[in-house]
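Below is one structure, written out as structure tokens; comments come after it.
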Amino acid sequence: MMALRRVGAASAALALAGALAGTPASAQALPQPGAESCGGCHSTHGGAGAPMPSLHGLKAADITAAMLDYRSDRRQPTIMNRIAKGFSEDEIKAISNWLERQP
Amino acid sequence: MSRITRRAMVSGLAGAALLAKAGRAQAAARIVVIGGGYGGATCARALKRLGLDVTLVEPSATYVSCPFSNAVIAGLRGIEGQEFTYDALKREGVRIAPLSAVGVDGQARIATLSDGTKLSYDRLVMAPGIDLRFDALPGYDAEAASIMPHAWKAGSQTVLLRDQLRAMPDGGVFVMAAPANPYRCPPGPYERASLIAHYFKTEKPRSKIIILDAKDAFSKQRLFQAAWAQLYPGMIEWVPLSSGGKVTAVDPKAMTLTTDFQTFKASVANVIPPQRAGTIAQAAGVADRTGWCPINPSTFESTLVPNVHVIGDAAIMGAIPRSAFAANGQGKACASVIAGLLAHEDASAPRLINTCYSLVAPDYGISIAGVYRPGTPSFVEIEGSGGTSPLDAPAETRRTEAGYAEGWFRTITTDVFG
Ligand SMILES: Cc1cc2nc3c(=O)[nH]c(=O)nc-3n(C[C@H](O)[C@H](O)[C@H](O)COP(=O)(O)OP(=O)(O)OC[C@H]3O[C@@H](n4cnc5c(N)ncnc54)[C@H](O)[C@@H]3O)c2cc1C
């Protein structure tokens with residue numbers, strides 16, 4: 001509840017932060033470490049994604065499932081199996097949740 | 001409510017609260033970013049999106065990308081495809097100072113620009129990339145580079161090397177001097193040699209390539225060498241340090257490169273000299289005796305000058321190679337760290353990824369990847385992660401990775417400049 005009240009009190013300051021206008025506050029959370037690197041190859045804000053799939057609009061559960069499959073080499077190896085092995089299951093879930101929240 | 005959803009909500013709210021505090025501090029907080037390359041432009045944009053006041057200092061109206069410039073040299077694409085502007089950053093509210101920074105006073109927290117303008121800052125992000133050392137190789141200075149291009153900063157140097165190769169008669173010898181570690185883009189020289197071999201094979205099949213190397217091993221070496229044997233048999237000769245590969249002097253007039261053992265005469269010479277952090281990093285006092293900038297890997301803050309964060313090629317990042325991919329990730333992570341610091345809260349330790357594709361031929365790509373966390377004193381690779389493309393892969397895999405390489409370039413340049 002603490003966190004909730006803090007947000008309420010600071011909502012004016014939140015609105016001040018220009019880019020935040022009109023987007024849900026939770027989408028503006030500081031990203032889970034590592035999550036932003038996905039955007040180096042994958043579109044994360046819509047737009048074309050070929051040949052790497054866009055992550056925009058994907059469900060967190062689907063991203064997590066794919067990453068866990070890469071991590072255990074269950075999925076056709078690409079560069080992703082080498083990257084997925086750098087993250088724990090919890091980290092993968094947190095990254096997936098952050099990606100799902102991106103506008 | 002499931003455990004995961006609940007946790008996501010809680011962390012989302014905590015993040016919002018953190019940013020709200022950063023928002024309050026914002027009235028006073030001014031961020032200056034020096035250098036609008038893959039590191040600095042990314043960071044400026046990310047800071048702005050976090051609601052902070054950002055000035056990006058960058059003298060060039062057009063950024064010319066090194067990634068994919070080897071394809072320009074080999075005649076596979078035009079230089080226009082390498083050029084990007086800052087229009088999108090301006091539209092998002094990033095203030096651009098179209099000048100060079102000439103000094104930084106870390107005590108007073110003031111950056112001075114080439115016209116004398118002084119910008120005071122609360123946090124400064126230093127991202128000037130590299131400068132070439134024109135004092136390190138006898139015979140190789142700025143003037144020599146107009147005859148023996150380095151093409152290690154993209155633009156007129158890239159075009160010069162391309163045009164020299166175009167003008168070279170069939171049967172000529174292309175000689176490259178490759179530097180010792182560390183330098184910008186570890187696989188870059190070998191990608192360049194590969195694509196020039198592709199050009200020779202297509203247009204000038206009697207020509208030869210000699211790589212004189214100041215080291216005994218290089219990035220993706222086995223993959224490159226296997227591909228050379230398959231695609232360009234007998235065309236590329238790699239001379240490692242232990243076989244006398246280190247170039248100790250060059251003579252642009254005679255078009256010769258000299259090692260401890262031999263003098264090589266070149267039809268076209270590409271000298272990639274030793275490098276250091278961009279000159280402004282030395283002026284600001286954030287570079288150490290190595291010429292590069294030591295940082296605290298958890299915050300990217302200089303260990304030499306407080307309130308200055310160094311990202312991209314200029315910084316010492318431990319196991320992370322100097323790449324555009326890495327600089328982009330550092331730019332975003334550094335923006336998060338700064339927002340956290342302004343809110344007087346610790347952001348989580350950064351986790352960085354690197355992915356570098358190299359083209360050995362237009363339809364033959366190979367890659368190296370890694371995942372990194374802060375260690376002591378610098379970033380370390382996470383055990384079990386990363387590695388290169390498989391050595392024994394079918395042509396289909398190489399074709400797929402060549403497609404990924406182009407996809408990566410489109411996505412990252414849109415992310416940074418689009
Ligand atoms: C041939 C070649 C191929 C490459 N291929 C790849 C690849 O395929 N993938 C990959 O990930 N990486 C690649 N790289 C590496 C990549 O180019 C660099 O790692 C990347 O550019 C580093 O970004 P940066 O922001 O640190 O520096 P830069 O991109 O060099 O940007 C620095 C900016 O700072 C500005 N600046 C400098 N001094 C000042 C000053 N005093 N005041 C204001 N502004 C200043 C400059 O004008 C420049 O715009 C390649 C490099 C080369 C040479």
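Chain letters run A, B, ... following the sequence lines, proteins first and then strands; every chain starts at 1.
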For the atom pair CD (A:Glu36) and OG (B:Ser336), what is the distance rounded to the nearest 0.5 Å?
4.5 Å

Nearest-0.5 Å distance that lies between atom CG in B:Asp415 and atom NE2 in A:His42
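Separation between the atoms: 12.5 Å.
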
Is it the side chain or the backbone of [X] that comes within 4.5 Å of chain A heavy atoms, both, or neither?
X: B:Glu92; value: neither
X: B:Tyr357; value: side chain
X: B:Ile382; value: side chain
X: B:Ala349; value: backbone
X: B:Thr397; value: neither
X: B:Arg410; value: side chain

Can you see which heavy atom on [X] is nearest to which on [Y], and at what distance?
X: B:Phe325; Y: A:Ser37; result: CZ-O, 3.6 Å
X: B:Asn328; Y: A:Gly40; result: OD1-CA, 4.0 Å
X: B:Gly387; Y: A:Arg82; result: O-NH1, 3.0 Å
X: B:Ile368; Y: A:Ile79; result: O-CD1, 4.5 Å
X: A:Pro51; Y: B:Gly403; result: CG-O, 3.5 Å

CZ of B:Arg222: more than 12 outside heavy atoms within 6.0 angstrom?
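It does not: B:Arg222 CZ has 12 such atoms or fewer within range.
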
[options]: which one forms the most heavy-atom pairs within less than 4.5 Å of chain A?
options: B:Tyr372, B:Trp408, B:Phe409; value: B:Trp408
options: B:Ala369, B:Ala46, B:Gly329; value: B:Ala369
options: B:Val416, B:Thr414, B:Ile412, B:Asn354; value: B:Ile412
options: B:Gly386, B:Gly93, B:Gly407, B:Ser348; value: B:Gly386
options: B:Lys332, B:Glu401, B:Arg373; value: B:Lys332

Steps toward side-chain contact (heavy atoms from CB on, under 4.5 Å) verdict (B:Ile353, A:Phe87):
CA-CA 11 Å; B:Ile353 298 175; A:Phe87 297 90; 3.9 Å; yes

If we ignore hydrogens and angles and just use 3.5 Å, is the side chain of B:Ser385 paired with the main-chain N or O of A:Gly86 as donor and acceptor?
no

Is it true that A:Glu91 and B:Arg351 make a salt bridge, defined as a side-chain N closer than 4.0 Å to a carboxylate O?
yes

Measure A:Thr78 against the heavy atoms of chain B and call it side chain, backbone, both or neither at under 4.5 Å.
side chain

